[in-house]
Amino acid sequence: MKSSKLLVLAAVAAAVVAVPFAMAQTADKPKADETAPAVATDKAHSEAEQKAKRRAAAAAQEKAQAGQQSAPREEEEEEARRRR
C-alpha cells in the first residue's frame, strides 16, 4: 500500500513539474492561426508597395516622354506663328 501511494505521489509531482515546463515551451512559439494573417498582411503590404512603385515609375516615364514631345510641338507652333 505504501509503495502505491509513493508511486501516485511521484506521478503527481512529475505532472506538476512537467505541465508548466511544457506550457512555457509552447508559449514562445506563435500559433499557426496567428502567423498566417500576419504573413498575408505583410505580403499584401509588400505587393501594394511594389504596385505603387511601378505606377510612380510609369507616371515619371510618361511625364518624361510628354516633356520630350512638347518641345517639337512648341517649335511647330512657333513656326506656324511666324508664317501668319
Side-chain angles (χ1 to χ4, degrees):
M1 186 92 163
K2 278 190 169 186
S3 63
S4 63
K5 285 184 181 179
L6 246 161
L7 185 60
V8 169
L9 183 62
V12 170
V16 167
V17 171
V19 169
F21 181 71
M23 291 180 75
Q25 284 183 337
T26 59
D28 293 338
K29 298 178 185 175
K31 295 180 182 176
D33 296 341
E34 295 173 359
T35 56
V39 170
T41 303
D42 291 342
K43 184 177 179 182
H45 190 306
S46 175
E47 289 176 358
E49 286 180 350
Q50 290 175 355
K51 188 175 183 181
K53 287 179 184 179
R54 285 193 302 266
R55 284 185 177 177
Q61 187 177 12
E62 287 179 11
K63 190 173 183 180
Q65 288 177 351
Q68 292 173 355
Q69 292 174 356
S70 66
R73 184 187 308 158
E74 290 175 3
E75 291 175 6
E76 292 173 1
E77 290 175 358
E78 287 180 18
E79 290 178 15
R81 289 180 196 150
R82 290 179 194 162
R83 292 180 192 158
R84 294 180 191 168

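Here the structure is a predicted model, which is why all the values come from computation and not from measurement. Residue numbers start at 1 and run along the sequence shown.
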Checklist line | Arg54: partners by side chain to side chain contact (heavy atoms under 4.5 Å, CB included), with sequence neighbours left out | finding: Gln50, Lys51
Item checked: Glu49: partners by side chain to side chain donor-acceptor pair (under 3.5 Å), with sequence neighbours left out -> His45
Notebook entry, point to check: Taking all non-hydrogen atoms of both residues, which atom of Pro20 and which atom of Ala15 are closest, and how far apart?
Noted result: CD-O, 4.2 Å
Next item on the list: Report the hydrophobic cluster partners of Val8, with the cluster defined as I, L, V, M, F, W, Y residues connected by side-chain heavy atoms closer than 4.5 angstrom, directly or transitively.
Entry: Val12, Val16
Next item on the list: Mind checking salt bridge (charged side-chain N to carboxylate O under 4.0 Å, His left out) for Glu47 and listing every partner two or more places apart, or none if nothing turns up?
Entry: none
